[in-house]
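Every chain is numbered from 1 and lettered A, B, ... according to where its sequence line falls, protein lines coming before strand lines. Below, all heavy atoms of this structure are taken into account, side chains as well, without hydrogens, waters or symmetry copies.
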Amino acid sequence: MLDNKYDYKSKEKKWQEFWQENNIYKFNENCNKPVFSIDTPPPTVNGKIHIGHIFSYSQAEFIARFKRMTGHNVFYPFGFDDNGLPTELLVEKEKNIKAYSVTREEFRKMCLETVDKYEKEFKDLFISMGSSADWDLMYHTVSDSCQRTSQLSFIDLYKKNKVYYANAPALWCTKCHTAIAQSELESEEKASTFNYLKFFIENSDDYVQIATTRPELLCACDCIFINPKDTKNKHLLGKKVRVPLYDFYVPVLEDDKVEMDKGTGVVMCCTFGDQTDTQWFKKYNLELKIAIDDYGYMTDIAGKYKGLKTKEARSQIIEDLKFQNLLIRQDNITHQVSVHERCGTEMEIKLKKQWFIKTLENKQIWLDLGNQIDWHPSFMKSRYVDWVQNLMMDWCISRQKYFGVPFPVWYCKDCGEIIVADESILPVNPLTTSPNHPCPKCGGTNFEPEKDILDTWATSSVTPQINTRWNVSNDFYDKMMPMSLRPNAHDIIRTWDFYTIVKSHYHSKLIPWKNVMISGFVMASPKEKLSKRKGNAKLDPETLISTYSADVIRYWAATGSLGRDIVFNEEKFKIGSRLINKLYNASKFVWLFIQDYTPNKNTKLLNIDKWIISKFSSMQEKYIKYFENYEVGLAMSELESFFWNFCDNYIELIKMRLYNPDLFGNDAKQSGQYTIFYVLLEMLKMFSIYFPHITEEIYQNTYKKILGTISIHKSEFDKLPILEDKALIALGDEVCDIVSRVRGYKTDNKISLKTKLTNIVISSQNIDFIKSCETDIKNATCAEKIEYKLADSTNVEILGIAQED
RNA sequence: GGGAGCAUAGCUCAGUUGGUUAGAGCACUUGCCUUACAAGCAAGGGGUCAUAGGUUCGAGUCCUAUUGUUCCCACCA
């Protein structure tokens, strides 16, 4: 029997342990049910799990449970992304050190300790949320097996000529001192000044005005450009101009990339101020002049400004320009600046040897592959399409960092040949291991190891390959690819989704998954993201779980529409708590009447019982349809409103029949018993997706002894015998309307609902059906006598009220 | 500058391919301890569906424009 009150604090933990011990969610490799596989996002180990993670992961978890309940063999692994820059930054902060201040090995040890600690916390948290992931399938990206897969992926691309090593302009973060990829940039609005400078024309007292926000790059100026259509400045072509302060001369060239209405219509080209500069650098074979070093300080060519930070140099240069009367005017502006997403530092461009994966040459393929995947919601595909269309650079995967997957690469010291490791020795760290053969080109045996590590996305982009055992068990890989579903939030479409599509195509010419499910963000207020920096992320999951229970948090995670951001609102937790409480009480009530009941499928049903079953079937159909479109929230609200109707109308109508079979007959009782038995059972299964704990508690103490299945989470949805019947639904709804009118009469007249009515008259078009429910109507309204009138519209007249005692 | 989402009751949101009088929950008002549940039940008030046109017998729903708002991308001369 069920306890009088549900104590979530003890019960949730109890059932979590029960599921683990009994392998309730374990993937069964030898099962002929259709497989549904989920490429779960491995959370980045860079801090605590916040409520936004819980929101997003819960939505995917609902899908896993739904698929199990609808006959699928669910493959639901979980992983952690614990290598690369984000983890390094966490460790540096937590240990209060800099990675370069200790040896690589020491640092690596600290990283491993830290990620171990965090991963344990992460896993416990997801378990305490009732996650149904199969923890036997857990992976973490810094493990040997993941490193092997990641290095194999690199080698496969190398052999297929999809990755190249080149001295090419790459985005550079001076704070993290590493190359980064385009996808790691963020825009930030910054205040700046537009400085109008005098560039004197050679052998002339005349000058040309050039506006720039970055005067500190004057020393790296190669030339100035005008637009070929610019008649006003045409006369400058072929001449040279003097760079202010530095007094060297640069040529005037023309290029149609110059926008005549921007600034003065004349632009200086430096190596490198922006992306356009890199294009001109290549196109006109300009000289490389490096003004800023790897750490963001001015170099030798900056002359007296050498050693200053770029911003300090800028303000001093502006002062000097003013002093020398070379500054015409300054306009204050705000503009969007690209910064590194991890640290907010303004991006620079550096020319260095780096490894790149080819993405630009296959834009059309990426778009075609995007079209082969179903995006939920569909409009989120446009984020992917926009990203692919706007790609400017190949994917730079070299990181000048310490903790991550090493490149399986050496360079021959004698001839410079690139040596890629044999697959047999993977995973390999080239810093500690040498190639197992001499240089194939010159036979040399002296090697320079590649010190850089791979971009963390280079590894996380092979999670489908990790999950489906690519090059470990190729049978399994062939069977499981493409995976069924990739769930993630919209911020990583351009990274995780895009890169994974690129890799799967290059490796196997496959899309990685058939569906992508995109969840929204949790906002602190309509305009404010939850963020640790702003201190509004104090709603930590552990506190919420102990205050409200995991089931209630899951309820909250199910509110809202797929893909849309939601504003954190504690009201939802209260509503969820009420719903769960009601579900428990309703189950207790139902089981007052079915504990000694043996289900009999041949029970003859009364009309009102048929009505609620039909209404149930109609709701179930919508619920399933919503789930098939990944609309977990809309599915729940269908179920939720049906459930309240079931409690407040149906149970109220029939409860007297159940209490008093001596008055209303055993058949009437059995019809009710049959109905509540099956409708509650199916509702519990449907609720179990959102509330795995309380539904298990109810199931274990009630249905289990009859049905036998070890856990409610091992059951599947069943259809009830009466499918949706719109006419029947309308008739039953009319009965509810009649009862509601009588209740309204009592409320208006301020009398108790249990006050007896001596006589009421019901007008309706459907007298026959209503008469067939007379017993239930009398019980719900406390009417002693009912008269009927055939009429076009429904109405109830109250003719007599019994005197109260 | 390009793209996407959103705009429905005080608040949070439903509203399927156009089809009677636009729904729910919260909040609010009133009443009720009813043999599951007062963490409950019942009833009620509250909306020119952002604005302006258009298509249609009929528009919250479709089309066009506008406004507001959020997000993504580009813009760093």
If you measure from the [atom1] atom in [N] to the same atom in [M], how many Å do you get, rounded?
N      : M      : atom1 : value
B/rC49 : B/rA22 : P     : 10 Å
B/rU16 : B/rG60 : P     : 12 Å
B/rU61 : B/rC6  : C1'   : 16 Å
B/rA52 : B/rG68 : C1'   : 15 Å
B/rU8  : B/rC62 : P     : 16 Å
B/rC11 : B/rG47 : P     : 13 Å
B/rU66 : B/rA24 : P     : 36 Å
B/rC28 : B/rG45 : C1'   : 9 Å

Measure from [atom1] on [X] to [atom2] on [N] and round the result to the nearest Å.
X        : N      : atom1 : atom2 : answer
A/Ile493 : B/rG5  : CD1   : C1'   : 12 Å
A/Asn749 : B/rG44 : CG    : C1'   : 14 Å
A/Phe521 : B/rU69 : CZ    : P     : 22 Å
A/Glu189 : B/rA74 : CD    : P     : 15 Å
A/Ile751 : B/rC32 : CD1   : C1'   : 11 Å
A/Gln275 : B/rC75 : CD    : C1'   : 11 Å
A/Phe379 : B/rC72 : CZ    : C1'   : 12 Å
A/Asp386 : B/rA74 : CG    : P     : 10 Å

Base, sugar-phosphate alone, or nothing: which one does [X] contact when heavy atoms must sit under 4.0 Å apart?
X        : result
A/Ile575 : sugar-phosphate
A/Val385 : nothing
A/Ser382 : sugar-phosphate
A/Ser561 : sugar-phosphate
A/Gln336 : base
A/Ser587 : nothing
A/Glu652 : base
A/Asn660 : base
A/Lys257 : base
A/Lys582 : base
A/Ile651 : base
A/Cys269 : nothing
A/Gln182 : sugar-phosphate
A/Asp648 : sugar-phosphate

Looking only at side-chain N and O atoms, does [X] come under 4.0 Å of OP1 or OP2 in [N]?
X        : N      : answer
A/Arg564 : B/rA14 : yes
A/Arg578 : B/rC26 : yes
A/Ser637 : B/rA24 : no
A/Thr276 : B/rC76 : yes

A/Thr695 side-chain N/O to A/Phe691 backbone N/O, donor-acceptor pair under 3.5 Å: yes
Going by heavy atoms in the side chains, are A/Phe642 and A/Lys615 under 4.5 Å from each other? yes
Just name whichever nucleotide pairs with [N], Watson-Crick or G-U, keeping both distances under 3.5 Å, else none.
N      : result
B/rU35 : none
B/rG18 : none
B/rA42 : B/rU30
B/rU69 : B/rG5
B/rC76 : none
B/rG23 : B/rC13
B/rA52 : B/rU64

Does a donor on one side chain and an acceptor on the other come within less than 3.5 Å for A/Thr794 and A/Glu734? yes
Hey, what's the ring geometry for A/Trp556 with A/Phe55, parallel, tilted or perpendicular (30° and 60° as the breaks)? tilted
Which label fits A/Trp366 and A/Phe498: parallel for a plane angle under 30°, tilted from 30 to 60°, or perpendicular past 60°? perpendicular
The side chain of [X] lies closest to which of these nucleotides: [options]?
X        : options                : value
A/Arg743 : B/rC76, B/rA43, B/rC32 : B/rA43
A/Lys572 : B/rA14, B/rU12, B/rG3  : B/rU12
A/Trp644 : B/rU34, B/rC71, B/rC41 : B/rC41
A/Ser187 : B/rC72, B/rG5, B/rC75  : B/rC75
A/Met392 : B/rC13, B/rC75, B/rC41 : B/rC75
A/Lys750 : B/rA39, B/rC75, B/rG31 : B/rG31

Report the residue (A/Leu753 or A/Lys625) whose heavy-atom-nearest nucleotide on RNA chain B is the more 5′ of the two. A/Lys625
Between A/Met380 and A/Asn581, whichever has its closest RNA chain B nucleotide further toward 5' is A/Met380
Are A/Arg554 and A/Tyr690 in a cation-pi contact, defined as NZ or CZ under 6.0 Å from the six-membered ring centre and within 45° of the axis? no
Please determine which of A/Thr775, A/Asn779, A/Asp776 meets the side chain to side chain donor-acceptor pair (under 3.5 Å) test together with A/Arg657. A/Asp776
Mind checking whether A/Phe199 and A/Tyr207 have ring centres under 6.0 Å apart? no
Which residues pass the ring-ring contact (aromatic ring centres under 6.0 Å, His included) test with A/His340, sequence neighbours left out? none
Residue from A/Tyr8, A/Trp591, A/Tyr6 passing ring pair (Phe, Tyr, Trp, His ring centres under 6.0 Å) with A/Tyr584: A/Tyr6
